[in-house]
Amino acid sequence: MNRLDGLNIQQQQAVRADSGPVLVLAGPGSGKTRVLTQRIAYLIGTIGVRPYNILAVTFTNKAAREMAARVAAPLGEDLKFPYMGTFHSICARILRRETEHLPFQTNFVIFDQDDQLSLVKQAVRELNLDEKRYRPNSLHASISNAKNELLLPDDYPVQTYRDEVTQRVYRRYQEMLLANNALDFDDLLLYSAILLEETPAVRERYARRFEHILVDEFQDTNMAQYRLLRSLSSFHRNLFVVGDADQSIYRWRGADYRNVLRFREDFPDAQVILLEQNYRSKQSILDLATAVINRNPQRISKRLFSDLGQGKKPILYEVYDDRLEAAFVVDTIRQLTRDQRAEPGEFAIMYRTNSQSRLLEEAFLQANIPYKLVGAQRFYGRKEVKDVIAYLRLVHNPNDELSLGRVINTPPRGIGSKTYLFLKTQAQRQGISPGQLLLQLNRPEFSQILEAAGSRAKSALLHFGALLGGWIALKDELPPLSLMDRILESANLHNYIDDQSDEGQDRWENVMELRRLTAEYQDLGLEAFLEQIALVSDQDTLEANANAPTLLTLHAAKGLEFPIVFITGLNDGLLPHSRSFEDPEAMQEERRLFYVGITRAKDGLFLTYSQNRSAYGYSELVSPSRYLDDIPHNLLDELQPSHKSRSAFPDGSRPAERWESSRLGAPSQERQNPVIQPQFSAGMRVKHPAWGEGMVLNSRIQDDDEIIDVFFAGVGLKHLAASLARLEIMT
DNA sequence: ATGGACAATGTTTTT
DNA sequence: CATTGTCCAT
């Protein structure tokens, strides 16, 4: 069977493009993931490129895993793509191998947002600056922007006094990171880009290796990422990028859709391929999307068309306040699912800010409907989870002062701030990190130091040092899971975290969830495990198999699709967000964000806004989003209950009933995208031509294909695409 | 050293 | 309101 079946002319052109630079401009729903996957399969299967020589940058790590699985399955081999992943994880990999050229060691840790902020705070304090005047948050943003522009502290442009202060903080911040043997997110890109630009031998090694480079979501690359790509592709020049300027939503973290223009300048011979046909949404949804995005100036107007049928008009609904908004969402979902017109998992609810999820969650909880919340931060940001991770991080890299500070007295073991300060001061005097000193305290040369501490402090420090030393001795022998268990046990964390209160039990549940996640990465080793945790994206946490509505921000929705989408909080100040009001560029991005949200919907779209909205606990009158004024009336079905009512449906107008009796989303003609029925289910025994017999553990439908997890004896767990893997069901 | 009480202060979006 | 920081009594 020809693998190019089912692709349109432009898609095929992209998949089989000759070597050289290629720019694919892909509108929403135009099948770009498929193109990328098929392109890689084509390079390997037809051109004979080895996976080793391919670099593929995806938007999430999960996307990378799935892409690899799909490419590997039809070839029936166990293909490994060492360089497939997000920019950040690819950079981390490069940096760990090249530390001989770099100012840190190979076991560096990656500092998360909180760590970064507390480091900036520390720097601000050390420099005796006024925290009110120089907010750590804003300084960190400036530093981050500089890094994304590849500006080191010495290059930081100083025009005002504030710039000068920022430069000083930046310099100190960098020193502190290195002292901790730690990098922040931006450093991963920064050091990689600079290393490649300034070390020709290294650049050449990678540039020669990567015969083909493929990049997804190219419109969201920043300068560091762009320059990195330029270096990496400098030998073979086979740079295949896919993007859509209308979906650029990360300007605030340095992304610049003008990289698309830059690309055409730097690679004038680039082939440009346009993917316009939409295979996702009903025309009525695309019409709305077009009406919204066309108001942005200076853009190349693309036409969005689909032959999935006209579909029903998106519904616009006004509510009295945000509580009723949540009630409306939950109620509508309940009705549509009860009438069997949709499955719970077919719904997504999107919003501009994370805080908006709360009322929605409460409404779902109250209605007893399970839901999924997208957001890695929500889980990994919890104190108890961070604490346990900090222990692991410290064991992996004892120089990590922040982790040490976090765990040294958690649970309380008699090392309060005074004693910890003492340890830090002494360490500084010795020119070593506090962690190193702690580990060596029992050596004779440090006996005076020990005596200088009080006797209680002395024994507490010695005890914890011994504990830490014990774990470190085990770290290479035990898998991360066993190490974690050991730590939980010997640090007595169970009793500390679960104090028998309800919250305590919740907290321990979270730790057990972390433990479960650790089990999944059992064979990775501690370093890789910690790296994965540090670089998980929000979308990575999305469980594909739970059949429940998904709650997520508009940003997190990028690249996803759902049969029925709610976009809530369509109020001025929220979407567009008030923080963007004064900046025209930012305002255009707000509009693109709305556009991204709309184009996630396949069959149904609900837009909601409220007359009042609560912030800080107070409710205030708000206006509908200005974007609603731009939409011609005939594109929306407007429903408005009478004002000030206390029920979401006072007049008995139940919006769900507008959807008539036919099953939602069952189109009259299903030609392009037949809905796939799962053929496999957990527990089934199957046979693979290369790997033999296996057991199906899980099955889910994604992007018109069934993805199944199969365990093969002797081979291990495999993720396979049902349409591609030649599996035989055994009876 | 520890824990509790109170104030202050802050909300965009994320790797 | 909800988290975080600071001060004070034990």
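Chain letters run A, B, ... following the sequence lines, proteins first and then strands; every chain starts at 1.
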| task | Applying side-chain hydrogen bond (donor to acceptor under 3.5 Å, both in side chains), name anything that partners Lys372(A), two or more places apart in sequence or on another chain. | result | none

Taking salt bridge (Lys or Arg N to Asp or Glu O under 4.0 Å) as the definition, give me every residue that meets it alongside [X], ordered by chain and number, with sequence neighbours left out.
X	result
Arg579(A)	none
Lys121(A)	none
Arg507(A)	Asp499(A)

Does [X] place a side-chain N or O at less than 4.0 Å from the phosphate oxygens OP1/OP2 of [N]?
X	N	answer
Arg358(A)	dA2(C)	yes
Lys383(A)	dT3(C)	no
Asn354(A)	dT14(B)	yes

| task | Provide the full list of salt bridge (charged side-chain N to carboxylate O under 4.0 Å, His left out) pairs with a residue in residues 401-425 of chain A, sequence neighbours left out, each pair given once. | result |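 The answer is Asp387(A)-Arg406(A).
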
| Taking atom types as modelled, is there a side-chain donor on Ser619(A) or Asp321(A) under 3.5 Å from an acceptor on the other? | no

| remark: Separation of dT15(B) atom P from Phe59(A) atom CZ, nearest Å, is 7 Å

| request: Measure from the side-chain heavy atoms of Ser537(A) and tell me the nearest of dT13(B), dT15(B), dG5(C). | output: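 Taking heavy atoms from C-beta onward, the closest nucleotide is dT15(B).
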
| query | In residues 122-151 of chain A, which residues come under 4.0 Å of DNA chain B by heavy atom? | reply |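 Within residues 122-151 of chain A, the residues near DNA chain B are Lys132(A), Arg135(A), Asn137(A).
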
| field | Set of residues satisfying ring pair (Phe, Tyr, Trp, His ring centres under 6.0 Å) with respect to His494(A), sequence neighbours excluded | value |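 Partners of His494(A) by the ring pair (Phe, Tyr, Trp, His ring centres under 6.0 Å) criterion, ordered by chain and then number, come out as Trp508(A).
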
| Any residue meeting ring pair (Phe, Tyr, Trp, His ring centres under 6.0 Å) with Phe210(A), in chain and number order, not counting sequence neighbours | Tyr83(A)

| Distance, C1' atom - from dT13(B) to dT4(C), rounded to whole angstrom | 22 Å

Sub-3.5 Å pairs of nitrogen or oxygen atoms, protein against nucleotides 2-7 of chain B:
| from | atom 1 | to | atom 2 | distance (Å) |
| --- | --- | --- | --- | --- |
| dT2(B) | OP1 | Gly414(A) | N | 3.3 |
| dT2(B) | OP2 | Asn409(A) | ND2 | 2.6 |

